[in-house]
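To start, the structure under review is shown below, and the notes come after it.
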Amino acid sequence: MNNEFSDQEVVRREAVEELQRLGIEPWPAEGYEVNVTATDILREFPGDPDRFANVSLAGRIMSRRIMGAASFAELQDATGRIQVYVKRDDICPGEDKTLYNTVFKKLLDIGDIIGVKGFVFTTQMGEITIHVKEFTLLSKSLRVLPIVKEKDDAVWDAFTDPELRFRQRYLDLIVNPKVRDVFVRRTRLVNSMRDFLNRQGYLEVETPILQPLYGGAAAKPFVTHHNTLDMKLYLRIANELYLKRLIVGGYDGVYEFSKDFRNEGMDRFHNPEFTQMELYVAYKDYEWMMDLVEEMVEQAALDVCGSSEVSVGDHVINFRRPWKRLTMSDAIREFTGKDISGTDEAGLVKVAEELDVEVDPTMGKGKLIDEIFGATVEPNLTQPTFITDYPVEMSPLARKHRSKPGLVERFEAICNGKEICNAFSELNDPMDQRARFEAQLELARRGDQEYMMLDEDFLRALEYGMPPTAGLGIGIDRLAMILTNQPSIQEVIFFPQMRPEKRQQEAPEKELQSAGIPTEWIPALIKAGIRQVADLKNAGAGKLMNDLNGLRKKLKLELPALTKEEVERWIGLSEKGNPSS
RNA sequence: GAUUCCGUAGCUCAGCCGGUAGAGCAUAUGCCUUUUAAGCAUAGGGUCCCGGGUUCGAAUCCCGGCGGGAUCACCA
């Protein structure tokens, strides 16, 4: 049975039983009164020692140094770590020293959560420490933590494997305090933006995630099914079309922090689900929206980083207003020397080829320009820059430029070589909108997988009349990456998408036993990799017999050696099938 | 999807010119009343990712798979 646990896990499970025998509940129900945090003590004790004569603090044991009748340990709470000093005769004033000798020294482990009461003092080494008068076990830990040691700036045994860190984020958060901080700052970013938008008087709303038609962006969706309605539903790829319906309904400013879902590639800039903030404001245009973005993002940088200058990789990015503004064709001209304004599709293909930009025949004019821009300009824009006035073909929801034919009133902000937001003067001409949707269908016929769907209800809403409106989408994950200086999106999403972990078969012994394998051989079989009757089917009788007889010695089984006939009989069982299932 | 690297003890890693495993931390036992990643001593702990092949013999070499990283492609 214990085959499933490592030696250290066995020790901890035995400690649980021992604690229970001593009348100590390993996972008590009561709360624990806490009157101070680790950071409070470290920050305030030197200036005001009297305040800390009676502290009560709870946290996880992160290290232990036991020296006879006295011990040191480090406790980690939500704010940081503090050393505690435990002296035998203080916590066991009478004759019975069990609480120290047995409970504290032997039955507690690194990873356990305890509460301590005592007073704060400074050790001879000058470390602020809680002298413990009383401790309470609050939660026993059955698994061994990966221990990270650090001294000054040196780190030993760092827990860095991304697979383990992302799959078991709780562990990552326990042992890597900097990771905890990244997510605190991510939340501070969201709070900063929400406060900003609320101060402007805009209404935070919620719109459907399950949508019968997906729209508002060019992307491949996830598909699901609703049983009662017996219909196909899509997970939203954007919330644009619903938010604009709300503007039609009469709100003058609505926004939503939304999880969107796109069924596309994954890499360090893309997770299948990601967070966007979309904002729509009536009676405004994209020029106005640029001013808002600058102000909101500068404020966010100040709130998250304490400065408008932010270190990102090798760069320092400065979010102080005003940001540089360039039209798309000026940007392409600036970085490539090519003038593409007014160029037709064939001409664009030629330009792309000259610039070594890969294109394919499904691409329309808009897509071609986007490719050229993405390859030659975008990666070179480190400081926040607004790129304005996009080709109409790639922006089916943006209104036509008031003075430049063939373009729309749209901008993106590019920062650190990546788009962080996208905005436009919204298209509110229902007839033009219908024509644009139809142009998308034409792209679909050419094989573009990411055409936008025609949404009749959205058109109907526009036909009732939508005020002139400015709209914005900001990628929260991308912005969080920049403001927390993280190289990948997985570092700013608590639980990034990953392939499922391989599950171990449960309770293998039962199935093997009911099939007729002698109980006493089952531990050896499991050790040999036979976890279920089906595994026997492909096993060779000779090899299996040898393996099992080898394991018989290793596991010190008091059994006669197996014969080949016996093993063949077991393998025969797998062919008969299993009556219990 | 392509290229490439990686998968060894609970954790971090070494071993890889083939001879069935090693260190540090963690754990156990004993000693030590204020230590500073790290006291001293001893001990236990491994399906060397999985499957096949070559070989007398594979953690090591070869092939296939699984999982992960990086780069690229795709992707507002």
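Labels below follow one simple rule: chain letters A, B, ... track the order of the sequence lines, proteins then strands, and each chain is numbered from 1. Since the model is a prediction, treat every value here as computed from it, not as a measurement.
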Exercise. Name all residues meeting the side-chain hydrogen bond (donor to acceptor under 3.5 Å, both in side chains) criterion together with A:D267; count only those two or more places apart in sequence or in a different chain, and write none if there are none.
Key: A:H270
Quiz item: Stepwise, does the side-chain hydrogen bond (donor to acceptor under 3.5 Å, both in side chains) test hold for A:D389 with A:Y286?
Solution: CA-CA 10 Å; A:D389 299 347; A:Y286 80 136; 2.7 Å; yes
Self-check item: Residue matched to B:rU34 through Watson-Crick or wobble contacts both under 3.5 angstrom
Solution: none
Practice problem: Output all residues satisfying side chain to side chain contact (heavy atoms under 4.5 Å, CB included) with A:P396, sequence neighbours left out; order by chain, then residue number. | Solution: A:R436, A:Q440, A:M452
Quiz item: Does OP1 or OP2 of B:rG30 have a side-chain N or O of A:K106 closer than 4.0 Å?
Solution: yes
Practice problem: May I ask you to verify whether the side chain of A:Q124 and the base of B:rU35 hold a donor-acceptor pair under 3.5 Å? | Solution: no
Quiz item: Looking only at atom C1', what distance separates B:rG10 and B:rG18, rounded to whole Å?
Solution: 30 Å
Quiz item: Among B:rA73, B:rC32, B:rU34, which nucleotide sits nearest the side chain of A:I66?
Solution: B:rC32
Quiz item: When the ring planes of A:Y255 and A:F257 are compared, do they come out parallel, tilted or perpendicular, using 30° and 60° as the limits?
Solution: perpendicular
Quiz item: Is there a side-chain contact (heavy atoms from CB on, under 4.5 Å) between A:Q433 and A:F458 once you walk through the steps?
Solution: CA-CA 10 Å; A:Q433 183 65 79; A:F458 173 67; 3.9 Å; yes
Quiz item: Whom does B:rA58 pair with, Watson-Crick or G-U wobble, provided both distances fall under 3.5 Å?
Solution: none
Self-check item: Distance test, side-chain N/O of A:R65 to OP1/OP2 of B:rA37, below 4.0 Å
Solution: no
Exercise. Would you mind checking if A:E134 and A:K117 are paired as a salt bridge, meaning a charged N to carboxylate O distance below 4.0 Å?
Key: no
Kindly give the atom pairs (protein nitrogen or oxygen, nucleotide nitrogen or oxygen) under 3.5 Å for nucleotides 4-6 of chain B.
none

Practice problem: Look at atom CZ of A:R180 and say whether more than 12 heavy atoms of other residues, nucleotides or ligands are closer to it than 6.0 Å. | Solution: yes
Practice problem: With sequence neighbours left out, write down each residue that passes side-chain hydrogen bond (donor to acceptor under 3.5 Å, both in side chains) with A:Q486, or none if nothing qualifies. | Solution: none
Using residues 376-384 of chain A as the side-chain source, report each donor-acceptor pair under 3.5 Å to any protein atom, sequence neighbours left out, with the distance given to one decimal.
| residue | atom | partner | partner atom | Å |
| --- | --- | --- | --- | --- |
| A:T376 | OG1 | A:I372 | O | 2.7 |
| A:N380 | ND2 | A:T376 | O | 2.7 |
| A:Q383 | OE1 | A:N318 | N | 2.8 |
| A:Q383 | NE2 | A:V316 | O | 2.8 |

Quiz prompt | Complementary nucleotide for B:rA23 - Watson-Crick or wobble, under 3.5 Å | solution = B:rU12
Self-check item: Proximity to the side chain of A:M498 - top-ranked nucleotide from B:rU33, B:rG69, B:rU27
Solution: B:rG69
Practice problem: Return the nucleotide paired to B:rG18: Watson-Crick means purine N1 to pyrimidine N3 with N6-O4 or O6-N4, wobble means G-U with N1-O2 and O6-N3, both under 3.5 Å. | Solution: none
Quiz item: Side-chain donor or acceptor of A:T123 under 3.5 Å from a matching atom on the base of B:rU36?
Solution: yes
Quiz item: According to the Watson-Crick and G-U wobble definitions, with both distances under 3.5 Å, which nucleotide is paired to B:rU3?
Solution: B:rA70
Quiz prompt | Counterpart base for B:rA28, defined by Watson-Crick or G-U wobble contacts under 3.5 Å | solution = B:rU42
Do any N or O atoms of the protein come closer than 3.5 Å to N or O atoms of nucleotides 10-15 of chain B, and which pairs are they?
| residue | atom | partner | partner atom | Å |
| --- | --- | --- | --- | --- |
| B:rG10 | N7 | A:Q8 | NE2 | 3.4 |

